[in-house]
Amino acid sequence: MRLSLLALLALATPSFGAEKPNIVVILADDLGTGDVQRLNPYGWIPTPNLDRLANEGCAFTDAHSPSAVCSPTRYGLMTGRYAWRSKLKSGVLGGLSPRLIEPNRLTLAQLLKDNGYHTACVGKWHLGMDWQLKPGKSVTELNIEPREQVFNVEYDQPIKNGPNSVGFEYFFGISASLDMVPYTFIENDKVTANPTEDRDLTMFAGKPTRTRKGPAAPGFTAEGVLPELTTRAVGYIAERAKEKKPFFLYLPLTTPHTPVAPAKEWAGKSGLNAYADFVMQTDAAVGTVLAALKKHGFEDNTLVVFTSDNGCSPQADFPALLKAGHNPNHVYRGNKADVYEGGHRVPFLVRWLGVVKPSTQSKALACLTDVFATCAEAIGAKLPDSAAEDSVSLLPALGLSKSPTRDGVVVHSVNGSFGVREGKWKLCLCPDSGGWSDPRPGKAPSGAPAVQLFDLDADIGEKTNLQDKHPEVVTRLTKRLEKWVADGRSTPGQPQSNTAPVTIRKK
Ligand SMILES: [Ca+2]
C-alpha cells in the first residue's frame with residue numbers, strides 16, 4: 001500500500017513529495033557488467049551487496065558509459081554532455097592534467113548544491129586539476145604525463161580548479177587512476193601527505209608488473225585506498241546525519257581497476273584470481289556504504305545509483321577468468337576501450353526504496369550522462385539549455401514520470417571512434433574495435449568496410465556486419481549523429497557550441 005501511494009505521489013509531483021532525496025552515485029572503475037552476479041547467470045564472482053541493490057531497485061540491462069574509458073565517461077556523468085564535445089577527443093587525462101570541465105559549465109554537483117544539497121566527492125577524480133607547477137615547468141594537458149614530468153609539480157602547494165571548483169563542497173580522494181602518479185591522497189585542495197618518495201606500486205597481486213613510477217607519499221599503498229575511501233564515505237554519511245540538509249555523495253571507487261590489490265582478508269576468496277577477489281572486496285565496500293545509510297536513517301530517502309565507468313579491462317586476466325567459466329564482459333564483444341559493447345555496456349542499478357519498484361529490470365536505453373537529468377527531474381529542477389545537452393531523465397523508464405525518453409545513444413572508444421545506437425541497430429564508424437580488442441585500429445583486414453552495422457537483437461555478440469545489407473540504416477544513423485554533433489546537443493533545446501571541433505570519421 002505504501003508503495004502504490006508513494007508511486008502515485010511521484011506521478012503527481014515533480015519532486016516526489018516534500019523532501020528532496022539524498023543522492024549517492026557509486027561509480028566502480030573497470031567493473032564489467034558480467035561481474036555483477038545478478039546481471040550474469042554465468043557469473044562466478046559472488047556480489048551479494050550489488051545483487052541486493054538490484055533486488056531492492058531496478059537494474060538497467062541496456063546501459064552504457066558514454067565512453068569506453070575513464071576520463072570521458074566521468075566528464076559525461078558530471079556534465080550530462082558527451083566528452084567528445086570537449087577538448088578531449090581520445091584517451092584519458094593523467095594525474096597531473098589540468099581541469100577538463102570548462103569554466104562556467106553547470107555540473108551535477110553544482111546543480112544539486114544550488115538546490116540546497118551538501119555535496120561531496122570521495123574517490124578517484126580523473127577529470128584534471130591545476131597543480132602548482134615549478135618555475136618554467138609544464139605538464140601534459142590531455143594525456144597521461146610522461147615520466148620526465150612527474151616531479152614538475154610543487155606538491156605541497158594548494159591545487160586550483162579541482163573538484164571544489166565544480167560544485168563539490170568536500171573532496172577526498174586521488175587525482176586520477178590509482179596506477180597514475182601522484183600516489184597520495186588529496187583532501188579538498190591539498191595533498192594529505194607530501195609525495196616525497198619516488199616509487200611504483202604492484203600492478204596485479206602475485207605478478208611482477210608495476211605501475212608508473214613517480215612521487216609517492218610515505219606509507220601510501222594500493223591496498224589501503226579502497227578501505228580508506230570507504231571509511232571516508234561512511235564518515236561523511238555519519239556527519240550528514242547531524243544536519244537537515246539533503247546530500248549528494250559521488251563515490252567514484254578506484255576499484256577493481258589496476259592496481260589489482262585486494263586486502264589480505266580478501267586474497268584468495270573468490271577461488272578465481274586476484275581480480276575476482278578485488279571485485280568481491282569492491283562489492284563489500286558498497287555493502288558498507290549501504291549499511292551506513294541504513295544506520296543513519298537515510299535508507300528510505302536516498303536515491304542510490306551504482307554503475308561502472310567502462311567495461312572490464314584485459315588487466316583482469318581474461319584467460320584465467322574464462323578458464324574458470326567467468327566472463328566479466330558477459331556475452332558482449334570486446335572489452336574496455338572498445339567501441340564494441342564490451343567497452344561500454346555497464347551495470348546500472350537504481351535503488352530508491354518506496355519509490356522505485358523493487359526487483360525490476362529495465363530494457364530502456366540508458367547512458368551515464370542521464371544521471372544528471374534524472375537527478376534534476378527527481379528534485380524538480382529545470383535545466384538551462386546550456387547544460388546537460390546529452391542527458392535524458394530515466395524517471396520514465398522507472399515508471400515515475402512521462403517525460404521524453406532516450407531513443408538513441410552515442411558511444412566513443414579510446415581512439416575516438418564513434419558508435420551510434422538506435423533501437424536494435426548499432427553503427428560503428430570504424431572498421432575495427434577502436435580500442436584494445438581485435439581487430440585493433442589499423443589491423444582490420446584490407447578491404448574491410450569503413451563502418452560496421454550490427455543488429456543487436458539478433459546478434460548481441462556483434463559478429464555479422466550488415467552495412468552492405470542495410471545501407472539506409474547506415475545513412476540514417478550517420479545523419480542522426482551528424483545532427484547531434486552540429487547541434488551541440490542530442491536533446492531538445494537551443495543548439496549549443498561544441499568546445500572544440502568534432503570529427504566523426506577518422507582518416
Ligand atoms: Ca575505468
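All values derive from a computational prediction rather than experimental measurement. Values reported hereafter were calculated over all heavy atoms of this structure, with side chains retained and with hydrogens, waters and symmetry mates removed. All ligand and atom numbering here is 1-based and tracks the order in the structure.
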With under 30° as parallel and over 60° as perpendicular, where do the rings of Tyr155 and Phe151 fit, or are they tilted in between?
perpendicular
Donor-acceptor side-chain pairing of Arg74 and Ser65 below 3.5 angstrom:
no
Using 3.0 Å as the cut-off, count the protein N, O or S atoms closer than that to the Ca ion (ligand 1).
6
Angle between ring planes, His330 versus Tyr332, binned at 30° and 60°: parallel, tilted or perpendicular?
perpendicular
Please tabulate, for the side chains in residues 166-180, all donor-acceptor contacts under 3.5 angstrom to protein atoms that are two or more places apart in sequence or on a different chain.
{"unit_1": "Glu169", "atom_1": "OE1", "unit_2": "Thr119", "atom_2": "N", "d": "3.0"}
{"unit_1": "Glu169", "atom_1": "OE1", "unit_2": "Thr119", "atom_2": "OG1", "d": "3.3"}
{"unit_1": "Tyr170", "atom_1": "OH", "unit_2": "Glu187", "atom_2": "OE2", "d": "2.6"}
{"unit_1": "Ser175", "atom_1": "OG", "unit_2": "Gly95", "atom_2": "O", "d": "2.5"}
{"unit_1": "Ser177", "atom_1": "OG", "unit_2": "Lys124", "atom_2": "NZ", "d": "2.8"}
{"unit_1": "Ser177", "atom_1": "OG", "unit_2": "His126", "atom_2": "ND1", "d": "3.4"}
{"unit_1": "Asp179", "atom_1": "OD1", "unit_2": "Arg212", "atom_2": "NH1", "d": "3.3"}
{"unit_1": "Asp179", "atom_1": "OD2", "unit_2": "Thr258", "atom_2": "OG1", "d": "2.9"}

Do Arg38 and Thr47 meet the criterion of a side-chain donor-acceptor pair at a distance under 3.5 Å?
no
Within 45 degrees of the ring normal and closer than 6.0 Å to the centroid, is that where the cationic atom of Lys207 sits relative to Phe204?
yes
